[in-house]
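Working notes, structure below.
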Amino acid sequence: MALRLLVLVLALVGSSALAVESKPTPAAEAKTVRCDFRTCLQRAFARSPLMHAAVLGVDAYEAKLAEAKTAAYPKFELTGFISAVPPLRSGSTHTASLSDFEWSRVGEYTPVGQVSFTMAQPLFTFGKISTLKRLALAGVDVAHATQRVAEDEMRFQLARAFWALVMVREMRDMIDDGKRLLSEQRDKVEAQRDTNDERFNQSDYLRLQILAADFEDKVRTIERTRMQALDGMRMAMAEGTDVEVEPLAEFAPPAFAVAPVEAYEVLAAANAPRLLAMRQGTRARLLQVDLARANLWPDLLVVARAAYTKTTASDTSATGTLASNPNNTASSGAGLAVRWSLDLF
């Protein structure tokens with residue numbers, strides 16, 4: 001009967017214990033992080049590189065949205081140009097022929113410069129700007145959904161490691177009791193064997209040896225599981241490998257009533273971050289198709305331009321010169337323009 005009770009206790013310990021908690025040394029005690037689940041989760045959200053990457057993804061898409069909102073604003077362009085014009089050949093006919101210029105007289109080249117300012121204001125773009133804004137907004141929604149996926153994954157992984165370490169503390173005494181009972185029973189059976197006691201049973205002794213070996217194997221497996229859980233906590237909270245984590249929690253029965261499975265299916269379909277990310281991603285793909293269709297049509301713009309040309313020469317061939325308006329002139333103009341990018345392939 002005692003042997004059967006021992007087998008039952010050891011089986012319970014081997015199947016239920018998830019970890020074996022070693023006693024901390026004074027050096028490790030100084031590097032122990034103690035926190036409840038909420039505090040550990042906040043620490044992971046604040047320090048995990050994966051969470052930082054998810055937040056930066058949201059920032060990147062919000063920057064694209066801000067850029068898309070400026071597509072309806074006028075665009076300004078300032079261009080500068082500077083060059084040198086060779087002197088005219090004596091007796092030139094001013095016909096803009098290359099032979100009218102003295103190309104070899106480099107020291108007599110005349111500098112000429114021009115500054116131009118252009119403004120283009122979109123008037124009608126066949127839905128390009130509105131579609132671009134909606135596409136950028138959909139990208140922000142996808143980034144937020146992706147961030148929620150990362151948060152849920154972090155919460156799940158942290159909870160699994162956190163409660164595994166809680167199980168360590170709850171099962172430590174049971175593991176110690178199991179080792180003590182195993183040692184006592186083994187000493188008792190070996191004493192019967194050594195004294196040739198008629199109550200000694202070789203089969204029971206062999207079963208006890210097998211049970212002891214199986215127990216030690218389970219303890220080593222449990223220790224590996226504990227280390228995996230501890231490494232998971234360290235990685236989630238961006239801690240070093242020399243840091244111990246002590247969870248401040250106890251097991252307690254859930255304080256809510258279990259709803260029908262259909263209710264959870266409805267909640268999951270409406271709020272699951274992965275599904276939300278997939279829906280927003282599909283919406284963004286459709287908007288990309290709309291934008292590609294809109295790009296097949298031209299844009300109507302108002303264009304205004306002003307330019308000023310400056311040269312040190314008072315006369316550089318008023319007709320047919322190598323530079324436009326070389327006589328210190330200014331020009332300006334405005335009008336409607338059509339911009340059509342025929343990128344069909």
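We use all heavy atoms of the structure for the numbers below, so side chains are in, but hydrogens, waters and symmetry mates are not. Just so you know, these numbers come straight off a predicted model, no measurement behind them.
The number of heavy-atom neighbours closer than 6.0 Å to CZ of Arg285, taken from other residues, nucleotides and ligands shown, is 12 or below. Counting heavy-atom neighbours within 6.0 Å of Tyr61 OH, excluding the residue itself, gives a total of 12 or less. In this structure, Lys128 places its NZ atom where more than 12 heavy-atom neighbours from other residues, nucleotides or ligands lie under 6.0 Å away. Other residues, nucleotides and ligands contribute more than 12 heavy atoms inside 6.0 Å of the CE atom of Met154. Atom OH of Tyr73 has 12 or fewer neighbouring heavy atoms from other residues, nucleotides or ligands inside a 6.0 Å radius. Annotation: Arg293, atom CZ; neighbour count of heavy atoms from other residues, nucleotides and ligands within 6.0 Å does not exceed 12. Counting non-hydrogen atoms of other residues, nucleotides and ligands closer than 6.0 Å to NZ of Lys75 gives a total above 12.
What you find for Ala270 and Arg279 is that their closest heavy atoms are O-NH1, 4.4 Å.
No side-chain N or O of Thr118 forms a donor-acceptor pair with one of Glu77 less than 3.5 Å apart.
Ion pairing between a basic and an acidic side chain is recognised when a charged N comes within 4.0 Å of a carboxylate O; Arg234 and Glu244 show such pairing. Ion pair Asp197/Arg199 flagged as a salt bridge, since at least one NZ, NE, NH1 or NH2 atom sits closer than 4.0 Å to an Asp/Glu carboxylate oxygen. In this structure, Glu67 does not pair ionically with Lys133, as no charged nitrogen and carboxylate oxygen lie closer than 4.0 Å. Taking the charged nitrogens against the carboxylate oxygens, Arg274 and Asp152 have no contact shorter than 4.0 Å, which rules out a salt bridge.
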Q.
Show, in sequence, the C-alpha distance, side-chain angles and deciding distance for Lys31 and Glu239, and conclude whether the salt bridge (charged side-chain N to carboxylate O under 4.0 Å, His left out) test is met.
A. CA-CA 10 Å; Lys31 298 181 180 180; Glu239 298 288 354; over 6 Å; no
(Q) Evaluate Glu223 against Arg226 for salt bridge (charged side-chain N to carboxylate O under 4.0 Å, His left out), listing each step before the verdict. (A) CA-CA 5 Å; Glu223 177 63 18; Arg226 184 190 77 88; 3.2 Å; yes
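Between Phe126 and Trp297, the ring planes lie parallel to each other; the angle is under 30°, not in the 30° to 60° tilted range.
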